[in-house]
Amino acid sequence: MTRTSSMTQPANTPAAPAPAAVSYDFQSVEPRWQKAWDEASIFTVPDVPPADRPKYYVLEMFPYPSGQLHMGHVRNYALGDVIARYKRARGYAVLHPMGWDAFGLPAENAARERGVHPQEWTLNNIAAMRTTLQRLGFSLNWDREIATCLPDYYGKQQKLFLDFLQAGLVERRESWVNWDPVDQTVLANEQVVDGRGWRSGAPIEKKQLSQWFLKITDFAEDLLDGLKTLDRWPDRVRTMQERWIGRSEGARVRFSLHAPPHGLDTNLNAVEVFTTRPDTLFGMSFLAIAPDHPLAEWAGKQNPEAAAFIAECRRLGTSVEAVETAEKRGFDTGLRVNHPFLDQSFPVWIANFVLMDYGTGALFGCPSGDQRDLDFAHKYNLPVTPVVLPPGKDQADFAITKTAFTGDGTMINSGFLDGLSTEEARREAIARLEDMGVGNGIVNWRLRDWGVSRQRYWGCPIPVIHCESCGAVPVPDDQLPVKLPEDVTFDKPGNPLDHHPTWKHVACPKCGKPATRETDTFDTFVDSSWYFARFTAPHADTPTVRAAADGWLAVDQYIGGIEHAILHLLYARFFTRAMKKTGHLDVSEPFAGLFTQGMVSHESYKDSAGNWLYPEEVERKGDGAVKRGTEEPVTVGRVEKMSKSKRNTVAPVAIIERFGADTARWFVLSDSPPERDMEWTEAGVSGAARFAQRLFRIVRTVAQTVPAQESCPAEIAPQADALRRANHRTIAAVTEALEGFTINVAVARIHELTSALAEAEKTADLPGMAFARREAARTLCLLCAPMMPHLAEEMYAQLEPGTSMVVEQPWPEADPSLLAATQVTIAVQIMGKLRGTIEAAPDEDKDAVVARAEAEPNVARLLEGKRIVKRVHVPNRIVNFVTAG
RNA sequence: GCGAACUUGGCGGAAUGGUAGACGCAGGAGACUUAAAAUCUCCAGCCCGCAAGGGCGUGCGGGUUCGAGUCCCGCAGUUCGCACCA
């Protein structure tokens with residue numbers, strides 16, 4: 001109770017100063033303008049973009065309806081809204097839709113923990129979050145709202161899947177899942193904690209299931225090449241995707257088993273290895289295979305110790321991270337393989353760091369040329385043969401001890417490769433392998449096909465029927481959508497679709513015999529891989545309408561968290577290609593521009609018992625903090641990403657009620673550059689609230705006391721001229737800042753013009769001042785509108801009564817004649833150190849400027865007795881004297 | 001472990017290779033007020049100095065340049081991702 005009292009009484013707060021008549025009353029103003037925009041259908045656009053204006057599609061990543069909007073959302077959508085409103089003012093037809101990524105695990109968790117049906121839980125959450133978004137006054141086209149958990153959406157997704165299936169982009173194959181043997185259920189990687197199920201605590205196992213895969217690897221090359229065209233994406237995201245796709249050139253090498261044991265399947269008589277370093281084959285000291293490799297499985301059947309080792313590896317689960325972070329370990333199978341070039345055999349080890357999903361699930365170990373192999377060799381006393389001599393080293397005293405040499409050099413100890421460069425050796429080794437018929441040069445991709453099957457209820461049903469005679473049969477179009485049954489229970493572990501008494505039992509569409517529905521549902525990443533396209537015609541009977549999709553796409557500006565840099569963005573890029581191939585749209589890339597915003601963080605607090613406290617339970621006292629009410633001391637922890645578990649969250653609803661939507665928006669946009677993390681602070685919000693009030697007062701003073709002017713008088717005072725110049729410089733600076741996404745700089749420039757306008761109140765009677773002040777006040781209304789739209793409308797209505805709304809005004813244009821500086825300050829340096837400044841006319845002649853710089857008293861004093869060897873002059877900026885001695 | 005990025009006053013940050021610290025927050029001094037809040041004015045990187053001025057300074061160590069927060073190399077710390085969280 002202590003924590004809500006201060007949050008819900010605006011009268012107690014600095015944001016609501018006593019005399020209501022003189023302050024900006026956001027409580028009544030904000031809903032009023034929201035209604036006005038809504039009634040005028042300002043943010044509505046047609047499915048096919050209008051021909052009279054250029055189109056602009058702004059999209060923020062749609063939220064998961066967790067229940068409450070959080071500050072991260074506010075920041076994300078405020079950022080998008082700035083762009084949407086700015087582009088609208090620049091004359092674009094702006095598509096700015098909103099929807100819900102509504103399938104997913106949390107709804108099922110809520111069902112199991114609290115007995116709420118996932119649908120009820122989700123729809124309630126959506127309703128609550130929608131209300132909050134609407135109170136924030138975002139310029140969203142709500143007619144286009146979609147929720148992925150409604151059949152209207154996921155039914156179209158089923159159609160897409162069937163089209164992909166028809167086009168050969170879908171495959172069914174075996175793959176591994178995390179299996180909780182106690183709960184008898186499949187676990188997500190995040191539900192596996194230290195190798196144990198999060199609920200049962202039982203050690204998990206890997207289990208193989210037959211699953212659906214989308215063949216994203218068919219587009220590996222195109223997805224890689226396409227990155228080059230994405231010049232409005234952050235470089236780091238492109239780099240990350242490039243690495244993720246992971247094109248590498250190397251060789252496939254067949255190692256035949258030395259003395260294959262009796263009874264071994266002939267398929268297993270040789271092990272295929274992928275390597276990017278065929279040049280180092282002579283440095284081989286072992287062959288390592290993945291624990292899931294067929295030969296390892298065979299070894300497990302022969303030898304209980306091998307089986308035990310494999311079982312242990314499987315307890316690491318399916319996450320690559322867990323596998324790679326685990327201590328590197330191996331098991332010698334006793335099998336040996338022949339070296340292709342040497343008359344020698346090498347041991348075959350099962351190693352826990354070899355991934356079945358990459359390459360061929362086997363590698364040859366060259367300890368001298370790979371650090372991981374070297375560590376492994378040291379651990380198991382395997383030989384280390386140096387094969388690459390680093391440039392400038394002498395073979396006689398070169399040895400590999402603790403560090404492998406991974407660079408290029410000259411080949412040694414390598415038979416026919418000796419003396420060649422690394423690059424030559426690579427080519428020669430491949431040529432020799434090809435001649436011998438035991439290998440060949442290939443391009444390998446790190447990217448794997450996308451497994452989309454999930455053994456869960458709250459997702460889009462996969463529209464396939466399994467028939468004993470006909471196999472996997474697609475659900476016919478006229479039976480779509482395959483709807484989720486609502487009458488399910490969560491009292492048993494596992495997938496409720498599987499337990500449902502009737503749902504899965506259907507007749508085979510082909511032969512009519514009894515068959516069963518696929519009970520797996522899609523990965524929720526599928527839902528979010530095409531929603532941007534659905535937004536262009538959200539109510540259509542087909543997944544897309546070509547004129548709408550082709551007209552609006554690509555998304556001109558996509559905005560969301562950096563955490564989606566790889567998976568979501570790559571899947572959406574893949575879907576775009578697959579949808580193009582199946583005729584659903586005709587663009588190559590979904591997102592022409594991408595911006596990744598940072599997180600919202602906050603101090604964290606703990607009481608003396610070590611319990612986390614919410615910010616509103618804590619009161620700052622000097623350097624420390626105490627618990628509100630009890631005065632009990634509180635430990636102030638580090639600033640961290642807002643999270644429920646640390647309780648360092650601030651609820652947007654509480655902030656809107658206390659300070660208003662504009663203040664919340666202004667604050668999340670003010671200080672930090674949008675791509676970086678920002679810290680939410682009490683002081684910061686109240687500062688933003690103070691600014692909103694101040695701006696309102698200053699503009700209202702102009703509206704009430706300065707008579708409207710037709711045009712600028714011919715003769716104006718220097719102060720008025722200065723204000724006009726500040727005004728136009730601000731227009732130019734804010735425009736540039738918004739174009740470049742440096743919204744915090746735009747905010748700073750608006751602060752400056754506000755101060756300049758306030759300052760001008762003192763010289764109100766000077767000639768031209770009335771015009772200049774009205775001009776600046778109007779500019780401020782227009783420039784702050786993308787960030788604080790309600791305040792902007794309210795100020796504008798006072799300043800220009802009877803005219804249309806700010807939201808209908810064009811963006812202001814800076815007058816170039818008022819942008820040029822009348823005088824410049826030039827820094828004067830000696831040997832790069834600042835020693836004074838001089839004033840100069842813009843573009844003043846070099847000789848005159850340098851002469852005056854040299855004569856500047858402090859500069860002259862320091863130059864005395866020194867010989868000037870060079871005079872550097874950068875026009876309008878700097879003079880630098882380089883002295884000798 | 002692998003991949004990617006980030007690091008500037010007390011704090012958030014600004015800065016086409018050209019006067020580091022714009023703008024804001026917190027702080028100090030003052031004005032207004034019976035008082036407080038609100039508002040307004042001024043100060044403010046650190047060190048030395050009455051001042052003029054000087055020294056140091058953009059995570060750490062090197063390099064390129066007349067000149068480096070900015071470019072290059074190495075290191076440290078922090079953050080994000082790692083394919084079934086969204």
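We use all heavy atoms of the structure for the numbers below, so side chains are in, but hydrogens, waters and symmetry mates are not. All chains are named by letter (A, B, ...) in the order of the sequence lines, taking the proteins before the strands, and each is independently numbered beginning at 1.
Distances shown here put a side-chain N or O of Arg676(A) below 4.0 Å from the OP1 or OP2 atom of A14(B). Arg236(A) has no side-chain polar atom (N or O) that falls below the 4.0 Å cut-off from OP1 or OP2 of G3(B). One finds a side-chain N or O of Arg243(A) lying less than 4.0 angstrom from the OP1 or OP2 phosphate oxygen of A4(B). Arg729(A) has no side-chain polar atom (N or O) that falls below the 4.0 Å cut-off from OP1 or OP2 of A22(B). At least one side-chain nitrogen or oxygen of Asn858(A) sits closer than 4.0 Å to the OP1 or OP2 atom of G54(B). Distances shown here put every side-chain N or O of Arg690(A) at or beyond 4.0 Å from the OP1 or OP2 atom of A37(B). For G24(B), neither phosphate oxygen OP1 nor OP2 lies less than 4.0 angstrom from any side-chain nitrogen or oxygen of Asn744(A). In this structure, Arg446(A) does not reach the C2(B) phosphate: none of its side-chain N or O atoms is under 4.0 Å from OP1 or OP2.
Evaluation of atom-type donor-acceptor distances gives no pair under 3.5 Å for the side chain of Gln371(A) against the base of C2(B). A donor-acceptor contact under 3.5 Å is not formed by the side chain of Asn189(A) with the base of C84(B). One donor-acceptor pair, N or O on each side, does fall under 3.5 Å between the base of C84(B) and the side chain of Gln455(A).
Relative orientation of the Phe696(A) and Tyr24(A) rings is tilted, given thresholds of 30° and 60° on the angle between their planes. Taking the six-membered ring where the residue is Trp, Phe525(A) and His568(A) present parallel rings, their angle staying beneath 30° rather than reaching 60°. Ring orientation note: the planes of Trp450(A) and Phe575(A) are nearly perpendicular, at an angle over 60° on the 30°/60° scale. Using cut-offs of 30° and 60° for the angle between ring planes, the Tyr531(A) and Tyr558(A) rings count as tilted.
The listed nucleotides are C84(B), G67(B), G3(B); the one nearest the side chain of Val186(A) is C84(B). Among the nucleotides A14(B), C40(B), C82(B), the one closest to any side-chain atom of Arg694(A) is C40(B). Closest contact between the side chain of Val320(A) and the listed nucleotides C25(B), C66(B), C82(B) involves C82(B). For Thr524(A), taking side-chain heavy atoms from C-beta onward, the closest of the listed nucleotides G81(B), A86(B), G18(B) is A86(B). Looking at the side chain of Glu190(A), the nearest of the listed nucleotides C85(B), C84(B), A86(B) is C85(B). If you check G53(B), G12(B), C23(B) against the side chain of Glu752(A), the one that comes closest is C23(B). Closest to the side chain of Asp671(A), from the set C80(B), A20(B), G12(B), is G12(B). Nearest nucleotide to the Arg877(A) side chain, out of G54(B), A86(B), G18(B): G18(B). Listed nucleotides G1(B), U41(B), G3(B) differ in distance to Lys328(A); the shortest reach to its side chain belongs to G1(B). Listed candidates were C82(B), G24(B), U19(B). Nearest to the side chain of Ser755(A) is G24(B).
Place Lys833(A) and Asp235(A) on RNA chain B by their nearest nucleotides, and Asp235(A) ends up nearer the 5' end. Comparing Phe62(A) and Glu324(A) by the nucleotide of RNA chain B that holds the closest heavy atom to each, the one mapping nearer the 5' end is Glu324(A).
Pairing for A29(B) is with U41(B), a Watson-Crick or G-U wobble pair whose two hydrogen-bonding atom distances lie under 3.5 Å. Base pairing of G49(B) is not made with any nucleotide, judged by Watson-Crick or G-U wobble geometry with both donor-acceptor distances under 3.5 Å. Base pairing analysis places C2(B) opposite G81(B); the two distances defining the Watson-Crick or G-U wobble pair are each below 3.5 Å. Both distances falling under 3.5 Å, in either a Watson-Crick or a G-U wobble arrangement, occur for no nucleotide opposite A22(B). U70(B): no Watson-Crick or G-U partner with both key distances under 3.5 Å is found in any strand.
Across the P atoms, G12(B) and G74(B) are found 28 Å apart, a figure rounded to whole Å. Distance check on atom P: A22(B) versus G10(B) gives 14 Å, rounded to whole Å. The separation of U78(B) from A83(B), taken at their P atoms, amounts to 23 Å, rounded to a whole angstrom. Nucleotides U8(B) and G59(B), compared at atom P, are 6 Å apart to the nearest Å. Going from the C1' atom of C23(B) to that of G13(B) covers 8 Å, rounded to whole Å. Distance check on atom P: A52(B) versus U58(B) gives 25 Å, rounded to whole Å. Nucleotides C73(B) and U19(B) have their C1' atoms positioned 29 Å apart, rounded to a whole Å. Going from the C1' atom of U33(B) to that of G69(B) covers 46 Å, rounded to whole Å.
Checked by atom type, the side-chain pair Trp212(A)/Glu518(A) shows a donor-acceptor distance below 3.5 Å. Side-chain atoms of Gln823(A) and Glu844(A) form no donor-acceptor pair, as typed in the model, at a separation below 3.5 Å. Checked by atom type, the side-chain pair Asn189(A)/Thr318(A) shows a donor-acceptor distance below 3.5 Å. Judged by distance alone, the side chains of Asn858(A) and Arg861(A) do bring a donor and an acceptor atom under 3.5 Å apart.
For G9(B), the base is syn relative to its sugar; the glycosidic angle is within 90° of 0.
Enclosure of atom CD in Glu174(A) by more than 12 non-hydrogen atoms of other residues, nucleotides or ligands within 6.0 angstrom is indicated.
Within 4.0 Å (heavy atoms only), His564(A) reaches at least one base atom of the nucleic acid. Residue contacts shown for Glu108(A) are absent, as no nucleic acid heavy atom lies under 4.0 Å away. Using a 4.0 Å heavy-atom cutoff across all strands shown, Gly561(A) reaches no nucleic acid atom at all. Using a 4.0 Å heavy-atom distance criterion, Leu669(A) is classed as making no nucleic acid contact.
Rounded to a whole Å, the CG atom of Asn876(A) is 14 Å from the C1' atom of U19(B).
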